[in-house]
Amino acid sequence: MADTGEAKSGRGLRRLITAVVIIALAVWFILANTETVGVKLWLVRVETPMWIMFTVIFIAGWAVGALLRRRSAKKNA
């Protein structure tokens with residue numbers, strides 16, 4: 001059974017709202033955590049503001065999700 005255009009736009013709107021809420025929460029969380037932290041990367045210890053670490057992790061998660069979605073779309077095509 002094919003989706004109608006109205007059902008697709010409703011689903012797209014829900015996905016957009018969900019994405020905006022997640023991004024807003026991530027930005028709020030990043031801005032609320034500004035102190036400096038130490039992170040050990042195997043042999044090296046890095047001192048950086050926590051907001052930078054959260055931003056890097058958020059972008060990495062977004063990139064992985066985008067790559068997996070693209071791979072899934074090619075597999076289904």
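Being a predicted model, the structure only gives us computed values, none of them experimental. Both backbone and side-chain heavy atoms feed into the values below; hydrogens, waters and symmetry mates do not.
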Engineer: Only pairs at least two apart or in different chains count here, so list each salt bridge (Lys or Arg N to Asp or Glu O under 4.0 Å) that has a residue in residues 42-67.
Structural biologist: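 Qualifying pairs, neighbours excluded: Arg45-Glu47.
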Engineer: Same cluster or not: are Val21 and Leu13 linked, directly or through other Ile, Leu, Val, Met, Phe, Trp or Tyr residues, by side-chain heavy atoms under 4.5 angstrom apart?
Structural biologist: yes
Engineer: Determine, using the 4.5 Å side-chain heavy-atom cutoff (strictly less than), whether Ile52 and Val37 are members of one ILVMFWY cluster.
Structural biologist: yes
Engineer: Find out if a path of hydrophobic residues (ILVMFWY) with successive side-chain heavy-atom gaps under 4.5 Å connects Ile57 to Leu41.
Structural biologist: no
Engineer: Identify, with sequence neighbours excluded, every residue that meets ring-ring contact (aromatic ring centres under 6.0 Å, His included) alongside Phe58.
Structural biologist: none
Engineer: If you measure from CZ on Phe54 to CD1 on Ile59, what distance do you get to the nearest 0.5 Å?
Structural biologist: 14.0 Å
Engineer: Report whether Met50 and Phe29 are members of the same hydrophobic cluster (ILVMFWY, side-chain heavy atoms less than 4.5 Å apart, transitive linking).
Structural biologist: yes
Engineer: When rounded to the nearest 0.5 angstrom, what distance separates CD1 in Ile23 from CH2 in Trp62?
Structural biologist: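 One gets 9.5 Å once the value is rounded to the nearest 0.5 Å.
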Engineer: Remaining members of Leu16's ILVMFWY cluster at a side-chain heavy-atom cut-off under 4.5 Å?
Structural biologist: Val20
